[in-house]
Protein chains: 2
Amino acid sequence: MSAPLSLVADIGGTNTRVALAEGPELLPGSVCRYRNADHAGLAPLLAAYLAAQGAPALSGGCFALAGPVRDGVGRLTNLDWTLDEAELRRALALPHVTLLNDLQAQGHALDHLAPDACVPVIDAPVQPGAPRLVVGVGTGFNAAPVYATGAGLHVPACEAGHVNLPVDDAEGQEMARFVAGADGFAAVEDVLSGRGLEAVHAWVTRGDAAPRRSAAEIIAEAADSPEARAALTLFAHMLGRVTGNLGLTFLPFGGLYLTGGVARAVTPHLEPCGFTRAFRAKGRFSRLLHDIAVFTVEDDFAALTGCAGYLSAQG
Amino acid sequence: MSAPLSLVADIGGTNTRVALAEGPELLPGSVCRYRNADHAGLAPLLAAYLAAQGAPALSGGCFALAGPVRDGVGRLTNLDWTLDEAELRRALALPHVTLLNDLQAQGHALDHLAPDACVPVIDAPVQPGAPRLVVGVGTGFNAAPVYATGAGLHVPACEAGHVNLPVDDAEGQEMARFVAGADGFAAVEDVLSGRGLEAVHAWVTRGDAAPRRSAAEIIAEAADSPEARAALTLFAHMLGRVTGNLGLTFLPFGGLYLTGGVARAVTPHLEPCGFTRAFRAKGRFSRLLHDIAVFTVEDDFAALTGCAGYLSAQG
């Protein structure tokens, strides 16, 4: 008799990916992607998936979402869905349901990734058992520390994308004012995200008649366009400065892991655009940052794997 | 037969306090203070203390220091002492020795403080079992999150005082340049510390012929001196902004606890100087900060109590 299956999902602002898992591993061929706009909510979406899979017996569910989770209720930052653990458990007739924010799920994935999934960005010794830190750059920005404790992995939630954008000169102040939201507050996420890279590019090209570029276009044009290159350089500097601040805050001597679509896409540009220097530029405490290795996680299904890993660790 | 005693110490840049503890409680009357300059190192200082106490039988030691600890070795940020767990264990013939940074010790103290030791600064609900955060402002600045896990309290180390000073306007940039170290890097600690308050006051009064004021003088003069009041207002705004950033980073819905001599001394000035507004000024994520209570810890021996609490929890 095989181990009971679990249901895992990764709910973004636009799409939701769903899979079945056996222990910490995704069942091959079980990953499906759905457009959120085609469904009235997560429960009907998951019910449709389970019906298509032949209504397998399930031991539980774990779902990751891009937004804060409190007291078993999650709110998506960019979609009008409220998710409730108790309601989902009843609607899907599951023994238990856990909601994680997507960065917590990425943290729970680290021990279950393929050996070649972590691409080195900054080389440094990795200290086994030391804290690790996952930093996500995609639709938004966030982080989650990963602590090994006597009771297994502990991966607390953060909202690290909403702290003050750290700028340190007059040009930076101008950029901060340009990218700030309607309330005038410039947060880390206003630069370090897909829309953030687009805003930085719009700032670099302000006054030009050229149409606004998407993040994907800016990254694709880096070799040929001085403006795209300038935007990527500002982005890489800010990513270095912010991850350096998070490095001092969490001391992840077990490694700092960049995840998310934007992080993966900009990775080849980080070193040539000055990321490493910006990461370590912290005055007399720079030496601590020389001992923190940085990787990019190339596995696009890591949040699903993390949900499976979380459930598997709960026994 | 009474429980075995343990040896606890709190090593600052100038003084070291030492006590005996029985379980998580300090033995009444056992606290002594020593000037570091009068001793060749921590081991001879502690040996002198133990001799004066009549060489009691000890079950172990836990010592807190103002500086980073790695691989059982601690370095004081402002004193030329290197502390090594193994060496201290041998020199003092103790079964085991643990070094913590002083903020970790403050975190381990939270569950053992007297009920009136935590004075409310910002009222909000305190969620039992949720993460807590200790923020220390004294000779330096640092923080430590306090997580309740299935394996007891988990209190990881940080170096949160060395991240970029978050400034958001031209006046802030000027101040940052003024308080920055010789390397030009302006860290949080360059404002949020005793010497930081003095530097902010020197910036406010730049051009004046008045002699430089100590932090204690600036705080004492707040009612009468517009310059002292201006310096405290800048300090309170920065403390609000930085603790707000740490609030979003650690989500301490179990409370944020200010500790350290400078935090205690400025507490009466925080609310009138705009601390609460600065704490919550994070654009659309301000609402999360409305759910974080802030306290000041009035217990000056909390680091010693935390060392005792740590040892007691290890069983």
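Every chain is numbered from 1, with letters handed out A, B, ... down the list of sequences.
- Contact annotation for A:D71: only side-chain heavy atoms (C-beta onward) come within less than 4.5 Å of a heavy atom of chain B.
- When side chains are defined from C-beta on, B:K282 does not count as touching A:V163, because their heavy atoms never get closer than 4.5 Å.
- Both the backbone and the side chain of B:A157 come within less than 4.5 Å of a heavy atom of chain A.
- Salt bridge annotation for B:E189-A:R284: present, with a cationic side-chain nitrogen under 4.0 angstrom from a carboxylate oxygen.
- A distance below 6.0 Å separates the ring centres of A:Y147 and B:Y147.
- Rounding to the nearest 0.5 Å gives a distance of 6.5 Å between SG of B:C158 and CG of A:L251.
- For A:H154, the part sitting under 4.5 Å from any heavy atom of chain B is the side chain, from C-beta outward, and nothing else.
- Of the listed residues B:D291, B:L288, B:L165, the one with more heavy-atom pairs under 4.5 angstrom with chain A than any other is B:D291.
- Aromatic ring orientation, B:F250 versus A:F250: tilted (interplanar angle from 30° to 60°).
- When atom types are taken as modelled, the side chain of A:D168 and the backbone of B:N164 share no donor-acceptor pair closer than 3.5 angstrom.
- Taking CD of A:E159 as the start and OG1 of B:T249 as the end, the distance is 10.0 Å to the nearest 0.5 Å.
- Per-residue heavy-atom pair counts under 4.5 Å with chain A were compared for B:G181, B:A182, B:A151, B:A180, and the maximum is reached by B:A151.
- Heavy-atom distances place both the backbone and the side chain of B:N245 under 4.5 Å from chain A.
- Residues satisfying the salt bridge (charged side-chain N to carboxylate O under 4.0 Å, His left out) test with A:D102, not counting sequence neighbours, are none.
- Heavy-atom distances place the backbone of A:A281, and not its side chain, under 4.5 Å from chain B.
- Chain A forms more heavy-atom pairs under 4.5 Å with one residue of B:T149, B:L246, B:V242 than with any other, namely B:T149.
- Distance check: A:H162 NE2 to B:L289 CG gives 11.0 Å after rounding to the nearest 0.5 Å.
- Using a 4.5 Å cut-off between heavy atoms, A:P166 contacts chain B through its side chain alone, with no backbone atom that close.
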